[in-house]
Amino acid sequence: MKKLMAGACAALWIFAGSYAGPGAGPDADLGANLSANLGAGLGVTIAGALAQSDGQAPQASAGETARALFEAYWASEMRADPFLATTSGEFAYNDRLPQVAPADYARLNEARADFMARLEALDRAALSPADRRNADLMAFILRHDLALAAFDPWRIPFLADSGFHNDVGYVVSAAPFRNEKDYTDYLARLEAMPGYIDQHIENMRRGLADGFTQPREIMDNILPSFAAQIKDNAAAHPLYEPFNAIPETIPARRRKALKRRANALLTDDVIPAFSRLYDFMREEYAPAARDSVGADGLPDGEAYYEALVRYYTTLDDVTADEIHAIGLREVARIRAEMNAVIRETGFRGDFSAFLDFLRTDEQFYARTPEALLERAAWLAKDADGRLPGYFRTLPRQPYSVEPVPAEIAPNYTTGRYVGAPLDAARGGQYWVNTYNLDKRPLYALPALTLHEAVPGHHLQIALALEIEGAPAFRAQFYPHAFGEGWALYAEKLGVEMDFYQTPYDDFGRLSYEMWRACRLVIDTGLHAKGWTRERAIDYLASNTALSLHNVQTEVDRYIAWPGQALAYKMGELTIWELRRKAERELGEAFDIRDFHDAVLVNGGLPLEMLRTEIDAYIAAAKTR
C-alpha cells in the first residue's frame, strides 16, 4: 500500500506499492508511450550497461549494470508518481499530479514487470554484498507491487482517515516555496486538481459496479473528511496556506498576482471539484457501498487478503490463522502484566473498573490543546537526551511536535509521524491529535512519543535518509513490519531507558502493546473469520485503556486498511527475538548500541533480510 513518507504510521490511499508516497500512475508526459520510453529513454542507461562491448568501450561490470538498473527504475517511479517525487526531495515534477486512469495503472504495471525481468537477468553472484542487498530489496518491492496490482486496488482510493482527497496537503508540506517557480509549479498542480478528482470519481464508480468498495458501515465516519475540503472562503482552505507566507524576495506585484491566481483557482475550480466529490460520496458511493466489512467479502477477497498479509508482514509463509493464534497468546500474556500494574497502583476494583477510572478521571487529561502539545514536546526532548546511552548512530535531521490538522482530526488516529526529505524547509513532524481532549490520555503520551518520535519512527526514518551510497529508492522504502515493529519495540525499550515515571505511564505502555496484540486478533477476525465491526469494537474496548472514541476510529481503520495492522506486533516480536539471540550468543560482549546500529543503519528491510543482517552482526562481533 502506498504510504506518505510524510507519515510512517499512517497510510494514504492505494492498497499497492511499497513506498511512503501518496498516489501512483504514470506521468502525463509519458502518455501511451511509457513502455517504449522506458526501453528507449529511461532505459538508455540500462541499455548502455547491458550492451555487449563493441570494441570501443569495455563491457559494463555486473555492479555497474545493477546500479544503472536501480537508477532507471527509480527515475521511472518518480515520473510515474510526482507526489512520490516531491516527498522524496526530487522537485522536477512539482508542477504535476499523478495520472490515475486505469490505462495509466496498466502502463505502470507493464513498466514494473519489465524492470522485474531485467532484475532477474542480473548475475547476482557477480554483485557485491551491498548490490545484492539492493537487488533483493528491489525484487521484494516489485514482486509485491505486481501481486497487489492484479486486484486493481485503485478502485478504493481512500482509507478511514485519509486518501486522495487530502493527500495533496501532505505533499504541499514537503514541497519548497522559496521562489516564484515553486509557486507557479504549485499553481499548475491546483489547475490539474479537478481532473484528478474527477478521474478518481470514475475509478470509484468502477469499484461500485464491481462490488469493490469500502464497507457502507464505516462511511458515515469517513464522509466528514471529504466535507472538510469544501470552504466558503478560498483563503481559508488548507491548500491556500503556502500563499500566506510568500517570501519577500518575490516582488510585491508578483506576490499579489500569485495570490489572485490561487484564489481564483480554488474558488472557481478546485473547491467546486471537491464539492462534486462530496456529493458523489454522500449520494452515490455511500448508499451503494458493500454490506460486508471484511476483505473476504470483496471480489476475490480471500486471495486479496492473503496477498496483503504477505506484504504487510513481509513474510511469505505466514497465514491468517497463525497470526490470529499469536495474537491471542500475546493478549493473554500482556493482560497478566497489566493486572500486576493495577495491583501496584493500589486500585480497588477489577480490570473493567480500572479502565473506566482511567477513561473518566480528569487527572489523566490535558485541559487545553496547548497543554497536551507542551507535554508531548517535553517528553520528546526528554527522550532525545536519553538516546546516546542506547544508540551509537543518531540522525542529523531534527523534528518538531505539531497538532494533527483540524480538517482531518475528528476521525484521525491519536498520533503520527510525518517525515520530510533531508533538504526540505522543515524537519520531521510528530503529530499529536488535540481533538476531543478528554479522549487523549496523558498516561499514554510517553509510549506514543517513543513510538512516533524517538527512538521510534523519526530516528529510524531519518537514519534511512542518510544511508550513503545506496540507491535512491532505499531511502523511501518502508516495509511496514520493520518500521512499525521498530516503533513498537521502541515503546518497550522505554522501560530500560527509565522513561515511564508512574505506574499509570507503564499501564499506558502496556495498553498500547495490548492494542497492537489485539490488532492481530481483530484484523484477521474481520478479514478472514467473519467478525462484525461491533465484535471488534467490544474486543478492543475490553482489553485496552484506549478511549471509546479511539477504539471506534481504530477499528474503522482496520476495516478500511486490511492487513496493515498486522505489521506492528509481527515486526516487534521478530526484533525482540533477534535481540535475545544476540544477547544469548554474545554474552558480555553484547552492546545494545551496536545491536541497534545493526538493525537500523541499512534502512528498512523485510524481516527475513533483517534476520540475515543480525546473523552477520553476531558473527562479526564474535571475531572482535
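Treat the numbers as computed from the prediction; the structure is a model and nothing was measured.
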Is [Y] paired with [X] through a side-chain N to carboxylate O contact shorter than 4.0 Å?
| X | Y | value |
| --- | --- | --- |
| Arg276 | Asp279 | no |
| Glu77 | Arg112 | yes |
| Glu191 | Arg261 | yes |
| Asp210 | Arg155 | yes |
| Asp161 | Arg416 | yes |
| Arg533 | Asp556 | yes |

Would a distance-only check, ignoring hydrogens and angles, find a side-chain to backbone donor-acceptor pair under 3.5 Å from [X] to [Y]?
| X | Y | value |
| --- | --- | --- |
| Thr213 | Arg290 | yes |
| Asn233 | Ala235 | yes |
| Ser76 | Ala72 | no |
| Asn203 | Val100 | yes |
| Glu452 | Tyr417 | yes |
| Asn263 | Arg260 | no |
| Ser275 | Ile271 | no |

Heavy-atom pair of closest approach, residues [X] and [Y]:
| X | Y | result |
| --- | --- | --- |
| His527 | Ile559 | CE1-O, 3.4 Å |
| Gly211 | Pro299 | O-CD, 3.4 Å |
| Ala286 | Arg216 | O-CG, 3.4 Å |
| Phe243 | Leu190 | CE1-CD1, 4.4 Å |
| Leu526 | Asp296 | O-OD1, 4.2 Å |
| Ala420 | Gly427 | CB-O, 3.7 Å |

Using the side chain to side chain contact (heavy atoms under 4.5 Å, CB included) rule, take Tyr93 and Thr86 through it: C-alpha gap first, then chi angles, then the decisive distance, then the call.
CA-CA 7 Å; Tyr93 310 105; Thr86 298; 6.0 Å; no
Taking the six-membered ring of Tyr105 (Phe, Tyr or Trp), confirm whether the NZ or CZ of Arg107 is under 6.0 Å from its centre and within 45° of its axis.
no
Minimum side-chain heavy-atom gap [X]-[Y] below 4.5 Å:
| X | Y | result |
| --- | --- | --- |
| Phe482 | Gln460 | yes |
| Phe212 | Ile156 | yes |
| Tyr312 | Pro479 | no |
| Asn550 | Arg440 | yes |
| Arg426 | Val418 | yes |
| Pro272 | Asp269 | no |
| Phe177 | Ile246 | no |
| Tyr430 | Leu373 | no |

Any chance you could lay out the side chain to side chain donor-acceptor pair (under 3.5 Å) test for Gln564 and Arg557, step after step, and finish with the verdict?
CA-CA 9 Å; Gln564 195 272 345; Arg557 173 186 167 185; 3.2 Å; yes
Is the [X] ring parallel, tilted or perpendicular to the [Y] ring (thresholds 30°, 60°)?
| X | Y | value |
| --- | --- | --- |
| Phe83 | Tyr196 | perpendicular |
| His458 | Tyr399 | tilted |
| Phe70 | Phe473 | perpendicular |

Evaluation steps, salt bridge (charged side-chain N to carboxylate O under 4.0 Å, His left out), between Arg519 and Glu554
CA-CA 9 Å; Arg519 286 175 173 179; Glu554 283 298 312; 3.0 Å; yes
Show, in sequence, the C-alpha distance, side-chain angles and deciding distance for Gln214 and Met219, and conclude whether the side chain to side chain contact (heavy atoms under 4.5 Å, CB included) test is met.
CA-CA 8 Å; Gln214 291 288 16; Met219 287 305 302; 4.1 Å; yes
Are [X] and [Y], when compared by the centres of their aromatic rings, separated by less than 6.0 Å?
| X | Y | result |
| --- | --- | --- |
| Phe158 | Tyr285 | yes |
| Tyr478 | His480 | yes |
| Tyr186 | Tyr183 | no |
| Tyr304 | Phe151 | yes |
| Tyr305 | Trp561 | no |

Could you tell me whether Asn244 atom CG has more than 12 heavy atoms of other residues or ligands within 6.0 Å of it?
yes
If you draw a 6.0 Å radius around CD in Glu248, do more than 12 non-hydrogen atoms from other residues or ligands fall strictly inside?
no
Run the side chain to side chain contact (heavy atoms under 4.5 Å, CB included) check on Arg282 and Phe226 step by step: do they pass?
CA-CA 9 Å; Arg282 185 185 71 245; Phe226 287 87; over 6 Å; no
Show, in sequence, the C-alpha distance, side-chain angles and deciding distance for Glu284 and Arg205, and conclude whether the salt bridge (charged side-chain N to carboxylate O under 4.0 Å, His left out) test is met.
CA-CA 9 Å; Glu284 186 174 340; Arg205 284 199 172 107; 2.8 Å; yes
Mind running side chain to side chain donor-acceptor pair (under 3.5 Å) on Ser162 and Asn166 for me, showing each step along the way?
CA-CA 6 Å; Ser162 51; Asn166 55 24; 5.1 Å; no
Salt bridge (charged side-chain N to carboxylate O under 4.0 Å, His left out) between Asp185 and Arg189: does it pass, once the steps are laid out?
CA-CA 7 Å; Asp185 281 350; Arg189 276 184 162 167; over 6 Å; no
Donor + acceptor pair across side chains of Thr414, Asn433 (<3.5 Å)
no
Quick one, Ser88 with Glu90, criterion side chain to side chain donor-acceptor pair (under 3.5 Å). Give me CA distance, side-chain angles, the key distance, then yes/no.
CA-CA 6 Å; Ser88 301; Glu90 172 52 68; over 6 Å; no
